[in-house]
Amino acid sequence: MDAITATIGSRPGKIVAVHLSYRSRAEQRGRVPANPSYFLKASSSLIGSGEVVRPEGTELLGFEGEIVAVIGTEARNVSPEDGWKHIGWITAGNDLGLHDMRTADKGSNVRSKSGDGFSAVGPELIEASRLAEDGIRVRTWLDGELVQDDTSAGMLWPIGLMVADLSRFMTLEPGDLIYTGVPTGASVAEPGQVIEVEVSSLDDESVTSGRLVTTVVAGPALAEWGDAPYVDDKQRSDAWGFDVTTEGDSGEEEPEFELTEELRNRLMNVSNATLSSLLRKKGYNEVSIDGVRPLIPGSRIVGRARTLRYLPYRKDQFEDRGNGYNAQKRAIDSVNEGEILVMDARRVDDAGTLGDILALRAQTRGCVGVITDGCVRDYALVQNQGMPVWAAGPHPAVLGRRHIPWDIDVDIQCGGALVRPGDVIVADDDGPLVIPPQLVAELVSAAEQQEDEETFIAQMVGAGESVDGLYPLGSAWRDRYDQWVADGRPSPAQ
């Protein structure tokens, strides 16, 4: 806080906080908003490193390590492309809140989020010019254990868009603060615990805010007038970051699904034909993305789904949502390494949804591939860039012929299949499949077993055996298969 007041010469006039802005947090909460939403915090809640009080009779003092943007130059009706230019500095913030008062506040967050000391910030300011807008890291430690670690690239919207959005309604003045939202990992701290938050550059770890340190202490009970603190299991689940009503006997949170490198490699080595047959046996018959083919035959990709939804063209809506930094550009600009961008183009085959420049941008961000049930412009150029793309075919027309880029990171359909953000996508020459995350581990093990059996079956058929009782592997052949496995799976030549 001292660094801020020393730089801008006064206490900030406004503190704006963003409700839900990180993809990791949105997936944890099970909802992805189409646009950012905000609330205000009292400037009197501002503090630097120091103590924050949890009143007696309350239990849920939540902490949220965040990137805080400090306005450097006045912003009013600025564009998303220019929003970042109005940020003077970046620093660390801890958006603290007393969840016990959320019910009483009924969405305003006046008491739950504006208590004295509930807006910790600092200790040092980083000049925004030293940072890439999508290259800012935020980390949070609770009693020395790292509990949050994400970057601005994981946000649903760039910081510049938040500035532009707010500037449509209010003049953002030098020194105003924007708490830009929290990634997954936010939880509850109790008296005696210490929270540390640090913001730094991904390109240069020496460019840092330093650690903002908050110590939670016990305090006297709130006065009896006004609404009393209240918590229920929903409040507890939101605060702690997991469903307390389904917590296991161990008291530990059920781990979220992670597409590990091991799982990714195993999925890369089983065919979509095998995966499809196993999904069908489980009753998943509508998980293939139909009507698309790879631009580069022989491609195979595995990754988590990011989604982009187009809606039908309408002149007034295209003028509002189709121009500028629209949903298509935001999707391309925010897709991350290991992810697959899946586009819902309504199976329209006479308008493009991707061209060479946007494909190149996705590729440079580490995107695994793009799947669209619409068309691709600059077809040969996109092919030559080498990034795997599945599409309905080529078409020279721009998307404005038929589409409005509407929103990102929402549930969509693509090629007749439901695709949710975070679903696992596996695509090859047979076409893409959508795998619910909870099925992945079981499915890949079953696929490996089935393909192992089919290798044995192919050898036997190649040696002249009938498929009767052999394919699929029947009990009469099971002992020979087990012996083949025990012998090290010898090839016919051996």
Side-chain angles (χ1 to χ4, degrees), residues 1-22 35-41 43 46 48 64-95 119-139 150-183 197-210 212 324-325 329-330 333-334:
M1 180 175 171
D2 291 342
I4 293 175
T5 54
T7 300
I8 66 173
S10 63
R11 183 184 291 273
K14 291 187 287 296
I15 303 175
V16 184
V18 184
H19 278 115
L20 193 59
S21 65
Y22 277 83
N35 296 292
S37 61
Y38 315 91
F39 60 93
L40 294 171
K41 302 191 73 172
S43 60
L46 203 63
E64 299 179 356
E66 303 189 16
I67 297 167
V68 174
V70 185
I71 297 297
T73 58
E74 184 176 292
R76 175 70 171 133
N77 282 324
V78 303
S79 68
E81 292 83 358
D82 290 336
W84 176 253
K85 299 175 186 176
H86 292 269
I87 302 298
W89 305 270
I90 293 292
T91 191
N94 190 348
D95 179 14
S119 299
V121 69
E124 302 296 332
L125 295 174
I126 307 170
E127 291 184 3
S129 59
R130 301 182 67 190
L131 298 165
E133 187 176 5
D134 62 353
I136 309 169
R137 185 181 191 185
V138 57
R139 288 176 291 178
D150 212 325
T151 74
S152 54
M155 290 180 173
L156 297 170
W157 314 278
I159 296 172
L161 183 139
M162 300 175 192
V163 172
D165 187 19
L166 288 165
S167 77
R168 296 187 300 158
F169 302 97
M170 66 182 77
T171 299
L172 296 175
E173 301 168 317
D176 287 347
L177 304 183
I178 302 175
Y179 280 69
T180 60
V182 61
V197 185
E198 182 179 11
V199 164
S200 58
S201 169
L202 277 175
D203 298 325
D204 183 354
E205 289 188 0
S206 68
V207 179
T208 175
S209 66
L212 172 68
Y325 197 61
K329 293 177 181 176
R330 296 201 308 271
D333 246 0
S334 63

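The model shown is predicted, which means the values in this text are computed figures rather than measured ones.
The side chain to side chain contact (heavy atoms under 4.5 Å, CB included) search around T171 returns E74, R76, E173, not counting sequence neighbours. Applying the side chain to side chain contact (heavy atoms under 4.5 Å, CB included) rule to L40 yields the partners V16; only residues at least two apart in sequence or on another chain are considered.
In this structure, CD1 in I136 is found 10.5 Å from CG in D203, a value given to the nearest 0.5 Å. Within the model, atoms CG of D176 and CD1 of I87 stand 10.0 Å from one another, a figure rounded to the nearest 0.5 Å. Note that the CG atom of L212 and the OG1 atom of T91 stand 7.5 Å from one another [nearest 0.5 Å]. A distance of 10.5 Å separates CE of M162 from OG of S37, quoted to the nearest 0.5 Å.
For the pair I71/K14, no side-chain contact is recorded, criterion being any heavy-atom separation below 4.5 Å from C-beta on. Using a 4.5 Å heavy-atom cutoff, the side chains of L46 and P12 are in contact. Taking 4.5 Å as the limit, some side-chain heavy atom of S209 sits within range of a side-chain heavy atom of E198. Proximity of V163 to W84: side-chain heavy atoms (C-beta onward) are nowhere separated by under 4.5 Å. By the 4.5 Å heavy-atom criterion applied to side chains, Y38 and I178 are not counted as neighbours. A heavy-atom distance below 4.5 Å is found between the side chains of D165 and P36. Side-chain atoms of T151 and L202, non-hydrogen and from C-beta on, do get closer than 4.5 Å to each other.
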Yes or no on side chain to side chain contact (heavy atoms under 4.5 Å, CB included) for L172 and V78, after CA distance, side-chain angles and deciding distance?
CA-CA 10 Å; L172 296 175; V78 303; over 6 Å; no

Just do the side chain to side chain contact (heavy atoms under 4.5 Å, CB included) check on V70 and V121 with the steps written out, would you?
CA-CA 11 Å; V70 185; V121 69; over 6 Å; no

Could you go through I67 and S152, starting from their C-alpha distance and side-chain angles, then the distance that decides it, and tell me whether this counts as side chain to side chain contact (heavy atoms under 4.5 Å, CB included)?
CA-CA 8 Å; I67 297 167; S152 54; 4.1 Å; yes

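The two atoms that bring V199 and I90 nearest to each other are CG1-CG2, 3.7 Å, heavy atoms only. Counting all heavy atoms, side chain and backbone alike, A69 lies closest to I159 at CB-CG2, 4.2 Å. Between Y325 and L161, the closest heavy-atom pair is CD2-CD1, 4.2 Å. Across all their heavy atoms, G181 and S21 have their closest contact at CA-OG, 3.2 Å. Summarising the geometry of E66 relative to V182, their closest heavy-atom pair is OE2-CB, 3.9 Å, with the distance given to 0.1 Å. The shortest non-hydrogen separation linking Y22 to V138 is OH-CG1, 3.9 Å.
Annotation: E127, atom CD; neighbour count of heavy atoms from other residues, nucleotides and ligands within 6.0 Å does not exceed 12.
Counting only residues at least two apart or on different chains, the side chain to side chain donor-acceptor pair (under 3.5 Å) pairs with a member in residues 129-138 are D134-R365, R137-D149.
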